[in-house]
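A short write-up of the structure that comes next.
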There are 2 protein chains.
Amino acid sequence: MAKNADAKRIKILEAAKRRFAHYGLAKTTMAEIAQDLSFSKALLYYYFPDKNRLYAAVFEMAVDEIINETTEKIRTSKDVTEAMEAFLSTRLTVIKENFNIFEFSYSLRNEMPVDIEAVLPSLFEKEIQQVSLILKKGVETKELVVDDVELTAKILLISLLGMRIGILQEFKNLFLPPTKEEFDYILGLQKKLSHIFINGLRA
Amino acid sequence: MAKNADAKRIKILEAAKRRFAHYGLAKTTMAEIAQDLSFSKALLYYYFPDKNRLYAAVFEMAVDEIINETTEKIRTSKDVTEAMEAFLSTRLTVIKENFNIFEFSYSLRNEMPVDIEAVLPSLFEKEIQQVSLILKKGVETKELVVDDVELTAKILLISLLGMRIGILQEFKNLFLPPTKEEFDYILGLQKKLSHIFINGLRA
DNA sequence: TTTTCGAACTTTTAAAGAAATTGGTCAAAA
DNA sequence: TTTTGACCAATTTCTTTAAAAGTTCGAAAA
């Protein structure tokens with residue numbers, strides 16, 4: 001029965017997401033995910049070929065969550081500044097709630113296992129598209145002048161990444177998930193940076 | 001004889017700098033530094049209380065090198081853009097030549113040993129002062145409008161840090177010293193970022 | 001035929017202990 | 001005062017082993 005099967009597949013994804021978001025890839029075991037659902041461990045392998053691909057599927061869900069939510073916010077924004085702020089806060093909220101799912105993207109602690117990396121359409125690439133979207137909107141409304149939209153988006157995103165890294169480093173907290181206060185501080189600085197940055201692109 | 005003593009102290013600092021710059025703190029041994037100079041290991045401990053303080057002294061030299069050279073470049077610059085570009089390229093050149101001395105400042109690999117950290121007037125703080133200098137110059141010449149100079153300098157510096165981290169991550173090269181090409185790429189992006197950033201502060 | 005599971009198998013990680021390296025000390029000599 | 005070789009203690013590295021976790025498989029249930 002495909003319907004029931006899909007339902008179980010989704011159950012597994014949800015349970016795995018909870019575990020991965022809370023404990024990360026390494027500290028989550030297949031046995032634990034199975035126990036949470038009262039499934040047998042072997043059943044997980046009926047729906048997913050291995051742990052890494054299960055993780056990759058969860059990761060992709062989380063990425064989609066970021067992309068979908070930010071896209072909507074960008075779409076309904078009045079101007080570039082509003083779009084940018086909405087993008088930043090929405091994105092950081094999703095990251096905060098699923099921090100350990102992004103342990104390989106937004107923390108420098110560990111490197112992504114190669115077989116996961118191969119499967120994933122890079123989150124970074126998608127984020128560049130999101131920021132490019134904002135910039136293009138600004139160009140269309142004559143708010144901004146940007147010669148190379150994608151490169152500019154990339155520069156801004158890398159700078160924003162540095163904001164997270166730099167601040168977590170400052171707090172000597174590069175190994176624990178950031179606290180709410182740290183996230184707020186990061187968001188504050190990210191907004192300030194993007195404000196200056198956008199200003200630097202104004203027509 | 002204090003003069004001879006000072007001369008030997010400097011010899012030790014130079015030999016230590018070569019080792020640290022090439023192999024980093026952990027992979028440099030006191031015995032190796034002594035061998036390079038045909039001194040006994042114990043002599044090093046006559047001039048420096050321990051390995052960490054020797055490293056700290058070398059680190060401070062390297063920091064002074066950055067600060068002195070960039071200060072001079074900033075002083076003789078015509079405008080903010082020129083000052084900023086001179087600051088960035090001079091700074092990155094010194095970092096490139098002494099990369100492993102800055103392994104705790106500019107790479108996220110390892111954290112600074114606490115007793116070293118305590119001794120050091122943070123490089124980051126000094127860099128903030130340098131960028132603040134540039135911004136103040138811009139404010140004085142009416143080129144820029146900046147409300148909180150230090151915070152703005154901090155934001156820019158953190159962004160520039162992200163540029164290094166982000167790019168080294170992209171090259172999956174977070175553990176090796178960057179190549180010349182990578183440094184050039186980093187410098188290019190840093191210049192683009194600071195250009196937009198400075199533009200965003202213009203009066 | 002599809003789905004599920006217990007048990008077995010293989011690989012990875014963690015722990016423990018031993019060996020080697022290295023940081024640091026000291027009494028004596030120059 | 002400066003310098004050293006010999007010595008000690010702390011740390012790191014390596015080896016071995018045990019435990020844990022990932023994965024497979026054949027059989028049974030649906």
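Values reported hereafter were calculated over all heavy atoms of this structure, with side chains retained and with hydrogens, waters and symmetry mates removed. A, B, ... follow the sequence lines: proteins, then strands. Residue 1 opens every chain. Predicted model only: the values in this text are computed from it and were never measured.
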Side chain proximity check, B:F197 to B:L160, heavy atoms < 4.5 angstrom: no

Atom-to-atom span, CG of B:L54 to P of C:dG24 - whole angstrom: 10 Å

Spacing between B:K51 atom NZ and D:dT11 atom P, to the nearest angstrom: 13 Å

Residues B:T70 and B:Q130: side-chain donor-acceptor under 3.5 angstrom: yes

B:K27 NZ - D:dT12 P separation (whole Å): 14 Å

Side-chain heavy-atom pair A:T93, A:E69 within 4.5 angstrom cut-off: no

Spacing between A:Y55 atom OH and D:dA21 atom P, to the nearest angstrom: 18 Å

Contacts of type ring-ring contact (aromatic ring centres under 6.0 Å, His included), residue B:F87, not counting sequence neighbours: none

For DNA chain D, the residues among residues 17-25 of chain B that have a non-hydrogen atom under 4.0 Å from it: none

Integer-rounded Å distance: D:dA21 P and A:N52 CG: 16 Å

Shortest non-hydrogen contact between B:V94 and B:A62, atoms and distance: CG1-O, 4.3 Å

B:Y47 vs D:dT3: side-chain N/O to OP1/OP2 distance below 4.0 Å: yes

Distance in angstrom units between A:D50 CG and C:dT11 C1', rounded: 13 Å

Distance under 6.0 Å and angle within 45° of ring axis: B:K8 vs B:F39: yes

Heavy-atom closest contact (A:K137 atom, A:R75 atom, distance): NZ-O, 3.7 Å

Expected output: side-chain B:E182 to main-chain B:I167 donor-acceptor under 3.5 Å: no

Separation of atom CZ in B:R53 from atom P in C:dG24, rounded to whole Å: 10 Å

Review item, nucleotides 4-7 of chain D N/O atoms under 3.5 Å of protein N/O:
residue, atom, partner, partner atom, Å
D:dT4, OP2, B:S40, N, 3.1
D:dT4, OP2, B:S40, OG, 3.3

Length of the line joining A:Y45:OH and D:dG26:P, which is rounded to integer Å: 18 Å

Any donor-acceptor N/O pair, B:D79 side chain to B:E82 backbone, under 3.5 Å: yes

